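For reference, the structure is listed below as structure tokens.
Proteins get letters first, then strands, A, B, ... in listed order; numbering begins at 1 in each. From a predicted model like this one, the values you see are computed outputs, not experimental measurements.
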Amino acid sequence: MLKIHNSLSGEKQEFKPLRPGEVRMYVCGMTNYDYIHVGHARMLTVFDLIQRYLRSLGYKLTYVRNVTDIDDKIIERAAANGENWADLAQRFTVAMHEDCATLGLQPPDLEPRATEYIDQIIAMTQTLIDKGYAYVARDGDVMYSVRKFAPYGRLSGKKIDDLRSGSRVQVDDVKLDPLDFVLWKHAKPGEPFWASPWGNGRPGWHIECSAMSTSLLGNYFDLHGGGEDLKFPHHENEIAQSCAACDTPFVHIWMHNGFVRVNDEKMSKSFGNFFTVREVLKTLRDPEVLRFFLLSSHYRGPINYSMAQLAQADETLLGLYRALKDSGRSGIVDGEWLARFRGAMDDDFNTPEAMAAMQGVARELNQAKSAGDGAKTDAAAATLRAMGAVLGVLQQDPDTYLKLSVGDKTISDADIEGLLDARRTARAAKNFAESDRIRELLTAAGVLLEDKPGGVTQWRRA
RNA sequence: GGCUAGGUGGCAGAGUGGUCAUGCAGCGGCCUGCAAAGCCGCGUACAGCGGUUCGAUUCCGCUCCUAGCCUCCA
């Protein structure tokens with residue numbers, strides 16, 4: 001039985017889809033005006049994991065993750081570059097897709113873009129005006145009147161009065177209340193615009209997600225996710241918009257992933273302490289290391305980004321691939337271990353606990369290998385691969401994986417093989433001084449040797 | 001200031017009212033020509049102070065500390 005933590009209640013609850021067998025999930029995706037960083041990668045990876053697990057449970061999942069392709073930041077950045085805003089958004093959307101593919105993320109079922117939903121956004125805004133939740137302010141901005149929506153603040157646990165007193169928002173005479181937020185923004189000269197009943201303008205950020213999610217998944221759907229930082233005001237505002245416009249509940253379970261931190265501080269654009277996925281990947285053996293690292297702690301908690309942590313993830317993942325090496329592909333999955341693994345995943349996607357189960361299987365695998373028990377070896381390997389498949393790791397060929405290097409290769413495979421030939425000859429002649437000299441040479445070049453029984457030597461890159 | 005989430009062994013990171021997380025690093029042993037890998041074993045961990053309890057790291061209260069949100073943010 002799957003349990004999921006609901007941000008709305010602050011508690012784990014048994015997950016029951018609104019429609020039997022079917023799950024509808026919406027995740028707030030990226031505003032693409034730059035390359036994605038590790039913090040974005042965590043969000044993308046976490047919901048990729050959830051998508052995979054829900055599917056593995058047999059649910060018919062519709063996973064929607066939007067792209068915000070019109071926004072102040074996009075306009076600003078494009079202007080700074082002297083580039084067309086749409087070209088810029090498109091360029092970075094393509095880059096994001098490339099990064100997602102590199103990270104092994106399965107694409108969402110639907111990836112709506114805000115600019116494709118202008119009609120729906122205008123319609124929803126009109127509905128909110130008609131129902132008295134929104135008003136047209138000066139200049140043609142349409143604002144949502146927060147005080148009209150009684151449950152406002154429920155998701156974030158905030159009270160309107162507290163928010164107001166601590167508000168850093170400049171009191172703006174366009175707004176009736178400082179907390180009111182914009183649904184439709186009038187276009188200033190030179191800015192992109194769409195025609196609307198309130199003049200030329202563009203949608204506010206919050207309304208996009210309400211319009212796209214309800215258009216594609218219906219007014220009331222199962223799961224809505226995003227980074228913790230979107231809880232307020234973004235998701236709070238989505239609730240206010242959607243519930244008011246549709247007269248139905250909006251989302252069954254809200255899910256929020258924790259931040260990636262750098263030196264105990266949130267990784268973000270504004271702090272300037274971010275690392276793009278592209279630059280980080282250059283320092284790693286394989287993109288799988290980053291995925292493994294991101295899944296090695298629970299999705300709701302914070303995770304600290306550092307080279308040391310990545311190195312540890314690399315080492316641990318390497319150990320798992322070493323276990324998988326020299327095993328057959330025809331083993332039968334061990335149901336008991338798999339049940340333990342699933343139990344962990346069922347408990348609000350507890351990946352660290354699930355990984356502990358994987359380590360248990362890896363140990364059994366190594367034990368079976370030492371004992372020369374082929375059937376047991378293959379069974380454990382099959383079990384480990386099956387678990388890995390759910391997490392999206394350990395699906396590569398171990399021999400290939402272990403020969404990957406961190407950064408550039410300092411010596412070619414052919415040169416390594418040549419030196420190993422020479423070493424084999426030396427060892428056969430019991431010339432251990434020569435054999436050790438070659439081994440040290442290879443070690444210096446980042447190649448580690450393992451002598452197996454029968455004169456066989458295996459190698460891998462450090 | 002308001003609200004929220006946390007403080008677990010050298011590091012990372014789960015979890016639990018009373019036998020075990022797990023991984024990395026370290027130490028000892030087996031194996032090995034020597035290594036490496038693997039296996040076996042080892043290490044007075046649960047911020048502090050009170051309280052509840054036969055028993056608390058786990059429940060309650062307070063204190064201290066950290067992060068996040070309250071402005072765009074995954």
[atom1] gap between [N] and [M], integer Å:
N      : M      : atom1 : value
B:rA21 : B:rC30 : P     : 27 Å
B:rG1  : B:rU58 : C1'   : 33 Å
B:rC60 : B:rA5  : P     : 12 Å
B:rG38 : B:rU32 : C1'   : 12 Å
B:rU16 : B:rC59 : C1'   : 12 Å
B:rG50 : B:rC11 : P     : 26 Å
B:rA14 : B:rG9  : P     : 13 Å

Which listed nucleotide ([options]) is nearest to the side chain of [X]?
X        : options                : result
A:Pro352 : B:rG33, B:rG23, B:rG13 : B:rG13
A:Ser370 : B:rC39, B:rC72, B:rG33 : B:rC39
A:Glu450 : B:rG23, B:rA37, B:rG33 : B:rA37
A:Met43  : B:rC11, B:rG68, B:rA74 : B:rA74
A:Arg261 : B:rC40, B:rA67, B:rC24 : B:rA67
A:Phe271 : B:rG68, B:rA36, B:rA74 : B:rG68
A:Ser297 : B:rC70, B:rA14, B:rA74 : B:rA14

request  = Test A:His37 against every option in A:Tyr305, A:Phe271, A:Phe274 by the ring-ring contact (aromatic ring centres under 6.0 Å, His included) rule and name the one that passes.
outcome  = A:Phe274
Heavy atoms only, 4.0 Å cut-off, all strands: where does [X] land among base, sugar-phosphate and nothing?
X        : result
A:His234 : nothing
A:Arg439 : base
A:Glu265 : sugar-phosphate
A:Asn350 : sugar-phosphate
A:Gly29  : sugar-phosphate
A:Leu448 : nothing
A:Arg461 : nothing
A:Gln309 : sugar-phosphate
A:Met30  : sugar-phosphate
A:Phe259 : base
A:Val46  : nothing
A:Ser296 : sugar-phosphate
A:Gly226 : sugar-phosphate
A:Arg322 : sugar-phosphate

key: Test ring pair (Phe, Tyr, Trp, His ring centres under 6.0 Å) applied to A:Phe259 - qualifying residues, sequence neighbours left out   = none
Separation of [N] [atom2] from [X] [atom1] (nearest whole Å):
X        : N      : atom1 : atom2 : answer
A:Lys158 : B:rG2  : NZ    : P     : 13 Å
A:Met96  : B:rA74 : CE    : P     : 12 Å
A:Trp459 : B:rA36 : CH2   : P     : 20 Å
A:Leu8   : B:rC3  : CG    : P     : 19 Å
A:Asp264 : B:rG6  : CG    : C1'   : 12 Å
A:Glu353 : B:rG13 : CD    : P     : 15 Å
A:Asp229 : B:rU4  : CG    : P     : 19 Å
A:Ile70  : B:rC72 : CD1   : C1'   : 15 Å

Base partner of [N], which must satisfy Watson-Crick or wobble distances under 3.5 Å:
N      : value
B:rU19 : none
B:rG61 : B:rC49
B:rU66 : B:rA5
B:rG38 : B:rC30
B:rU71 : none

request  = Quick one: sort the A:Tyr144 and A:Phe181 rings into parallel, tilted or perpendicular, breaks at 30° and 60°.
outcome  = parallel
If we ignore angles and hydrogens, is there a donor and acceptor under 3.5 Å between the side chains of [X] and [Y]?
X        : Y        : result
A:Gln458 : A:Arg322 : no
A:Glu288 : A:Tyr321 : yes
A:Ser242 : A:Ser210 : yes

request  = Would you confirm whether the ring centroid of A:Phe92 sits within less than 6.0 angstrom of the ring centroid of A:Tyr33?
outcome  = no
Taking only the side-chain nitrogens and oxygens of [X], find out if one of them lies under 4.0 Å from OP1 or OP2 of [N].
X        : N      : value
A:Arg363 : B:rU22 : no
A:Asn366 : B:rC39 : yes
A:Gln359 : B:rC24 : no
A:Arg300 : B:rA5  : no
A:Lys325 : B:rA37 : no

message = Under the side chain to side chain donor-acceptor pair (under 3.5 Å) test against A:Arg202, which residue among A:Glu208, A:Glu191, A:His186 passes?
response = A:Glu191
ask   = Is the backbone of A:Lys403 close enough, under 3.5 Å, to the side chain of A:Arg461 for a donor and an acceptor to pair up by distance?
value = yes
Side-chain ion pair, A:Lys325 and A:Asp399, N-O less than 4.0 Å = yes
ask   = Quick one: does A:Asp71 reach the base of B:rC72 with a side-chain donor-acceptor pair under 3.5 Å?
value = no
